[in-house]
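Only one structure is covered here, and it is reproduced in the block below.
Labels below follow one simple rule: chain letters A, B, ... track the order of the sequence lines, proteins then strands, and each chain is numbered from 1.
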Amino acid sequence: MTRISLTRLPGDRVLAVDAGLEHVIELADLSAYVEGREPDGPRWVWDDTARWYPPLLEAGIRVERCHDLRLGRQLLRRAPAADASLLVAEESEHWDRLRPAVPSDPALFSVDDSTEHLRADLEDARQRAAVAASSEAPRLGLLLAAESAGALVAAEMTHTGVPWRTDIHERLLGEQLGPRPPRGARPVLLEALAGEVRSALAAPGLNPDSRPELLGALRRAGVEVPDTRASTLRAVEHPAVVPLLRYKQLAHLFSTNGWAWADQWVKDGRFRPSYQPAGSITGRWSSNGGGALSFPVQVRPAAVADDGWVFVVADVAQLEPRVLAGMSGDRALAKAAQGTDLYQGMVDDGAVGSRNDAKLGLLGAMYGATSGESGRMVAGLTRRYPAAFGLVEEAARAGERGLGVRTLLGRGCPPLGEASTTDVDTARADPESETRRRRSYGRFSRNFVVQGTGAEWALCWIADLRNRLWRLGAGPVEARPHLVFFLHDEVVVHTPAHLADVVVAEASHAAAAAGALLFRQLSIDFPLNTSIVRSYADAGKPGSVPGADVTPGR
DNA sequence: AGCGCGGGCGCC
DNA sequence: AAAGGGCGCCCGCGCT
């Protein structure tokens, strides 16, 4: 396959290396160059998709494949199956220091620092050599491709944004909080609740946002609580509790998804959060702006498809237990995973008495619960599903011994110490703390293998779905069915209404393809819950894993 | 005034 | 004896 690497040169020029041939292009001509070469289906190689792709999308250009050198390097440096020394070169330090570009900061056209003109073709050669020399070249190659495809998806979703009805959002805010307050002031309905709390506690000057003040006022009113969490307060009988809980809820809405949030993240009828592919240690995405990871239920009604368009919302039921079944090759668990409800499958299998017990046991195994109800379920289920439960148990033991673990496709986890928040020297001096630290790393490792492989499945899913959606229409990305949101195990596709059923089918096909790609030896079902809706708020919200007991649908 | 921290919350 | 993973964001607070 053709690879074309792009490197920024001083003076608004770009070096393109295409099959060893160097071309120097004016930056202004880059879009035309990419557009002209794209029909050959090359893999574009660049330092950071978030730097190169947004301007191309602005110009109406979509690329099919890329290799993101920053993500690739990050992965290969930590992958147990790769020899990181093959990545060492004169420019190493600069490559290692590369930080993700953020959409608000179009570094492609401005900054001129030491990381600006690193030769993409040379780094590409190093990374390819590292993959080729690996004993697991195919898996690493797949992982790099999936990771890079994810980066394309992220840039496209930020480009298109989630259709957003500011009028509905503001109506919601108005109903719950009152009119938009002047800067620095509380909305009237929030202030009214603060007043109720103050009088119920006989604390006229109380600022309910201050924990020390609140704790003090509660104590003086005869309420002894260790903290001010909602779950703690709910168990307390006192007239202040009801308005206080409501205050907390509305204060969160006001500060996190209120008017100021909309000013910053909603423009031209689109909510554009910023995604960071592989932003978390396990390979899951994170977000560095807009709060894409907590798209709160409270404001979802404002996400409404354009006229004549709809959303297809799809999520995977119990992604991580299914992934665990696949990667461990546990035939019994794979059998329970046939059909739409893995937990019910376990009940039908006779492994466990109830759906809830099944869920408790699996979550416990993946998170490292060993006590309480969850811990007891783990013990019982280990006998029934030895391969699956053994895999996470083994990962936990490796972690406790300070050994690294890896995902199915070969992502490595950071060594003990780096991943822990505990101060290493303190821990050394204190054996109990050291034990806690190792246990904690064990739980982290246990979860890493499943969460990380789940993230790999999801990447394969959206990478394939992206291409399937592209083929359903014509014109630029936003004129065809396209992804507008992705969160761990859920996608939202914005599509012309007449294609909705086709999109639903494609989402399922992509899920099946991702499963087949990752788990060749054992067929695993990845059923989707899908809804076709006008507003995101109307999508069904079936329980998924983890996250447990979401109230079922509406 | 600006920074880092931790509590508290919300998402999976 | 007890032992639940990954994130981001907001706030108040204590520090410089």
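Not one N or O on the side chain of A/Arg272 forms a donor-acceptor pair closer than 3.5 Å with the backbone of A/Gly290.
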Can you run through DNA chain C from 5' to 3' and write each base as (, ), [, ], | or . depending on how it pairs? Watson-Crick or G-U wobble, both distances under 3.5 Å. ....||||||||||||
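Between A/Lys248 and B/dC9 there is a side-chain polar atom (N or O) within less than 4.0 angstrom of OP1 or OP2. Within the 4.0 Å cut-off from OP1 or OP2 of C/dG5, at least one side-chain nitrogen or oxygen of A/Arg443 is found.
Between the P atom of C/dG5 and the CD atom of A/Glu320 lies a distance of 14 Å, rounded to the nearest Å. With rounding to whole Å, A/Trp461 atom CH2 is found 13 Å from B/dC12 atom P. The distance between atom CZ of A/Arg411 and atom C1' of C/dG6, rounded to the nearest whole Å, is 13 Å. Across the protein-nucleic acid pair, A/Gln451 atom CD and B/dC12 atom C1' stand 8 Å apart, rounded to whole Å. The distance between atom CZ of A/Arg284 and atom C1' of C/dG8, rounded to the nearest whole Å, is 13 Å. When rounded to the nearest whole Å, the span between CG of A/Leu360 and P of C/dG4 equals 13 Å. Between the P atom of B/dC11 and the CZ atom of A/Phe485 lies a distance of 11 Å, rounded to the nearest Å. Taking atom CD on A/Gln298 and atom P on B/dC9, their separation rounds to 13 Å, with Å as the unit.
Under the side chain to side chain donor-acceptor pair (under 3.5 Å) criterion, A/Gln264 pairs with no residue at all, not counting sequence neighbours. For A/Glu490, there are no salt bridge (charged side-chain N to carboxylate O under 4.0 Å, His left out) partners two or more places apart in sequence or in a different chain. In this view, A/Arg376 satisfies the side chain to side chain donor-acceptor pair (under 3.5 Å) rule with no residue, not counting sequence neighbours. Under the side chain to side chain donor-acceptor pair (under 3.5 Å) criterion, A/Asp464 pairs with A/Arg468, sequence neighbours left out. In this view, A/Glu237 satisfies the salt bridge (charged side-chain N to carboxylate O under 4.0 Å, His left out) rule with no residue, not counting sequence neighbours.
Between the CG atom of A/Leu518 and the CZ atom of A/Arg139 there is a distance of 8.5 Å, given to the nearest 0.5 Å. Rounded to the nearest 0.5 Å, atoms CZ (A/Arg284) and CD (A/Glu456) are 12.5 Å apart.
Between the side chains of A/Gln318 and A/Asp489, no donor N or O sits under 3.5 Å from an acceptor N or O.
For the contact set between residues 217-236 of chain A and DNA chain B, defined by any heavy atom under 4.0 Å, the members are A/Asp227, A/Thr228, A/Arg229, A/Ala230. Within residues 379-409 of chain A, no residue approaches DNA chain C, by heavy-atom distance under 4.0 Å.
Among pairs with a residue in residues 397-412 of chain A, those fulfilling salt bridge (Lys or Arg N to Asp or Glu O under 4.0 Å) read A/Glu136-A/Arg406, A/Glu147-A/Arg411, at least two apart in sequence or across chains. Residue pairs that meet the side chain to side chain donor-acceptor pair (under 3.5 Å) test with at least one member in residues 213-222 of chain A, sequence neighbours left out, are A/Arg219-A/Glu224. Within the structure, the side chain to side chain donor-acceptor pair (under 3.5 Å) test picks out the following pairs touching residues 191-205 of chain A (sequence neighbours left out): A/Arg186-A/Glu191, A/Glu191-A/Arg198.
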When every nucleotide of nucleotides 9-16 of chain C is labelled 5' to 3' by its protein contacts under 4.0 Å (heavy atoms), B for base, S for sugar-phosphate only, - for none, what sequence of letters results? SSSSS---
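Electrostatic pairing of A/Arg73 and A/Asp96 counts as a salt bridge here, judged by a charged N lying under 4.0 Å from a carboxylate O.
Comparing C/dG4, B/dC12, C/dA2 by their closest approach to the side chain of A/Arg439 singles out C/dA2. Here the side chain of A/Ile281 is nearest to one of B/dC12, C/dG4, C/dC7, namely C/dC7.
Ring-to-base geometry places A/Tyr367 in a stacked arrangement with C/dG5 (centre distance under 5.5 Å, plane angle under 30°).
Of the options A/Phe271, A/Trp261, A/Trp259, a ring pair (Phe, Tyr, Trp, His ring centres under 6.0 Å) to A/His169 is made by A/Trp261 and by none of the others.
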